[in-house]
Amino acid sequence: MGHVKDNLTTLLKSIPAGVDLVAVSKFHPVEALQEAYDAGQRVFGESRATELAAKARQMPGDVKWHFIGHLQTNKVRTVLPHVDLIHSVDSEKLLRLIDSEASRLGRRVRVLMQLHVAKEETKYGLTPHEMTSLLTPEFVSSLQSVEIAGIMGMASNTDDEERIREDFRAIRTVFDRLADTTFAGAEGFSIVSMGMSHDWTIAVGEGANMIRVGTTIFGEREY
């Protein structure tokens with residue numbers, strides 16, 4: 001502990017204006033989050049529903065919690081009271097469930113649609129074709145309590161920088177296509193969440209305006 005503030009301050013100096021930082025705090029103790037909070041960070045990313053809910057009860061009320069992991073349908077109810085943005089909506093079923101649960105709670109919830117462009121089969125997300133086919137104006141207007149705020153994606157896990165760049169470019173291309181069609185005129189559709197500790201600089205170069213960084217801020221997680 002003690003390095004979080006310095007790490008965060010250094011990182012923030014290198015992030016261009018207009019790019020929002022999600023501090024990926026999953027698996028790190030509340031003390032580390034509090035140190036980042038004291039240094040001015042307000043947006044934190046968690047990937048386990050129960051961990052997010054527990055930390056939300058311990059941290060100050062002005063924290064914005066982002067859910068960044070794969071969200072199982074049976075965990076939607078756990079995260080919805082606390083979450084400001086869900087980065088990882090990867091199916092119509094999940095999107096409709098979030099919509100009905102948010103309606104039940106009487107709140108609007110912002111989500112990002114997760115795109116799969118990486119070459120690993122294990123990653124979650126919709127293909128570009130699946131996403132553009134799903135997100136028709138008719139479908140989007142049928143959602144009552146969910147606002148689709150943008151898209152999220154990950155690059156292939158590779159050292160090939162050109163491949164990483166192509167993946168990010170593909171994500172940005174899908175965002176631009178949707179912004180010109182289904183979401184034309186929708187100010188709320190504005191987020192391109194891509195890039196993590198090891199590749200965020202490439203992501204920003206390809207049009208990311210939200211990055212998810214954990215290790216650079218908090219160090220390797222403690223097991």
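What's counted below: heavy atoms across the whole structure, side chains too, no hydrogens, waters or symmetry copies. The first residue of the sequence shown is numbered 1, and numbering continues consecutively from there.
- The backbone N or O of Gly219 sits nowhere less than 3.5 Å from a side-chain atom of Asn7 that would complete a donor-acceptor pair.
- Hydrophobic clustering, with ILVMFWY side chains joined whenever heavy atoms are under 4.5 angstrom apart, groups Ile211 together with Phe218.
- Remark: Arg42 engages Asp62 in a salt bridge, criterion side-chain N to carboxylate O under 4.0 Å.
- To the nearest 0.5 Å, the span separating CD on Gln58 from CD on Gln34 amounts to 10.0 Å.
- Trp200 and Ile202 fall within the same hydrophobic cluster, defined by Ile, Leu, Val, Met, Phe, Trp and Tyr side-chain heavy atoms under 4.5 Å apart, directly or through other members.
- With hydrophobic clusters built from ILVMFWY side chains whose heavy atoms lie under 4.5 angstrom apart, Met210 does not share a cluster with Val24.
- Atoms NE2 and CD1, from His66 and Ile68 in turn, are 10.0 Å apart once rounded to the nearest 0.5 Å.
- Cluster membership check: Val30 shares its hydrophobic cluster with Leu8, using side-chain heavy-atom separations under 4.5 Å among Ile, Leu, Val, Met, Phe, Trp and Tyr.
- Residues Gln144 and Ser100 form no side-chain contact, since every pair of their non-hydrogen atoms from C-beta on lies 4.5 Å or further apart.
- Asp90 CG to Leu112 CG: the interatomic distance, rounded to the nearest 0.5 Å, is 12.5 Å.
- Counting heavy atoms from C-beta on, the side chains of Phe139 and Arg96 come closer than 4.5 Å.
- Glu101 places no side-chain N or O within donor-acceptor distance of the main-chain N or O of Leu80, the cut-off being under 3.5 Å.
- The environment of Asp159 atom CG is sparse: at most 12 non-hydrogen atoms of other residues, nucleotides or ligands sit within 6.0 angstrom.
- Each of Leu85, Ile148, Ile151 was checked for a side chain to side chain contact (heavy atoms under 4.5 Å, CB included) with Ile191, and the lone residue meeting it is Leu85.
- Note on Glu166 versus Arg169: no salt bridge recorded, every NZ/NE/NH1/NH2 to OD/OE distance being 4.0 Å or above.
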Going through the distances and angles, do Arg107 and Ser145 end up as a side chain to side chain contact (heavy atoms under 4.5 Å, CB included)? CA-CA 7 Å; Arg107 64 164 302 202; Ser145 300; over 6 Å; no
Side chain to side chain contact (heavy atoms under 4.5 Å, CB included) evaluation trace for His3 with Glu35: CA-CA 9 Å; His3 303 298; Glu35 203 176 320; 5.8 Å; no
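- A parallel orientation is assigned to the rings of Tyr124 and His70, their planes being inclined by less than 30° (bins at 30° and 60°).
- The shortest side-chain heavy-atom distance between Ile86 and Val146 does not fall under the 4.5 Å cut-off.
- Between Ala155 and Ile164, the shortest heavy-atom contact is CB-CG2, 3.8 Å.
- Atom-to-atom distance recorded for Phe168:CZ and Thr173:OG1 is 13.0 Å, nearest 0.5 angstrom.
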Please step through side chain to side chain contact (heavy atoms under 4.5 Å, CB included) for the pair Met59 and Trp65, ending with a clear verdict. CA-CA 10 Å; Met59 290 286 290; Trp65 297 100; 3.7 Å; yes
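- Residue Pro81 comes nearest to Arg77 through the heavy atom pair CD-O, 3.3 Å, listed as atom of the first residue, atom of the second, then distance.
- The heavy-atom pair separating Ala203 from Gly195 by the smallest distance is CB-CA, 3.6 Å.
- Listed here is the closest heavy atom pair of His116 and Pro128: O-CD, 3.8 Å.
- Here Met194 contributes atom CE and Asp199 contributes atom CG; the two are 9.5 Å apart, rounded to the nearest 0.5 Å.
- Surrounding CD of Glu161 are at most 12 heavy atoms belonging to other residues, nucleotides or ligands under 6.0 Å away.
- Side-chain contact between Gln114 and Ser88: present, with at least one pair of heavy atoms (C-beta onward) separated by less than 4.5 Å.
- Formation of a donor-acceptor pair under 3.5 Å by the Ser156 side chain with backbone atoms of Thr158 is not found in this model.
- With 3.5 Å as the limit, one finds a donor-acceptor pair spanning the side chains of Glu46 and Ser25.
- Judged purely by atom type and a 3.5 angstrom limit, Arg110 has no side-chain atom pairing as donor or acceptor with the backbone of Gly188.
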Could you check Leu21 against Ile217 for side chain to side chain contact (heavy atoms under 4.5 Å, CB included), going step by step and ending with a plain yes or no? CA-CA 11 Å; Leu21 170 65; Ile217 301 168; 4.1 Å; yes
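- The closest side-chain heavy-atom distance from Leu178 to Met131 is below 4.5 Å.
- Of all non-hydrogen atoms in Leu115 and Ala170, the two that sit nearest each other are CD2-O, 4.4 Å.
- By the 4.5 Å heavy-atom criterion applied to side chains, Glu51 and Phe27 are counted as neighbours.
- Of all the heavy atoms in Lys75 and Thr50, the pair that sits closest is NZ-CG2, 4.4 Å.
- Val192 and Met113 fall within a single hydrophobic cluster, where Ile, Leu, Val, Met, Phe, Trp and Tyr are joined by side-chain heavy atoms under 4.5 Å apart, directly or via other members.
- Between Arg212 and Met152 there is a side-chain heavy-atom pair separated by less than 4.5 Å.
- A side-chain donor-acceptor contact under 3.5 Å links Gln41 to the backbone of Val43.
- Exactly one residue among Thr78, Leu97, Val79, Val111 makes a side chain to side chain contact (heavy atoms under 4.5 Å, CB included) with Leu71. That residue is Val79.
- Between Phe189 and Phe183, the ring planes are parallel. Angles under 30° get that label, and only those over 60° would be called perpendicular.
- With rounding to the nearest 0.5 angstrom, the CG atom of Asp84 is 13.0 Å from the NE2 atom of His82.
- Glu206 has its side chain within reach of Arg165: a pair of non-hydrogen atoms, C-beta onward, lies under 4.5 Å apart.
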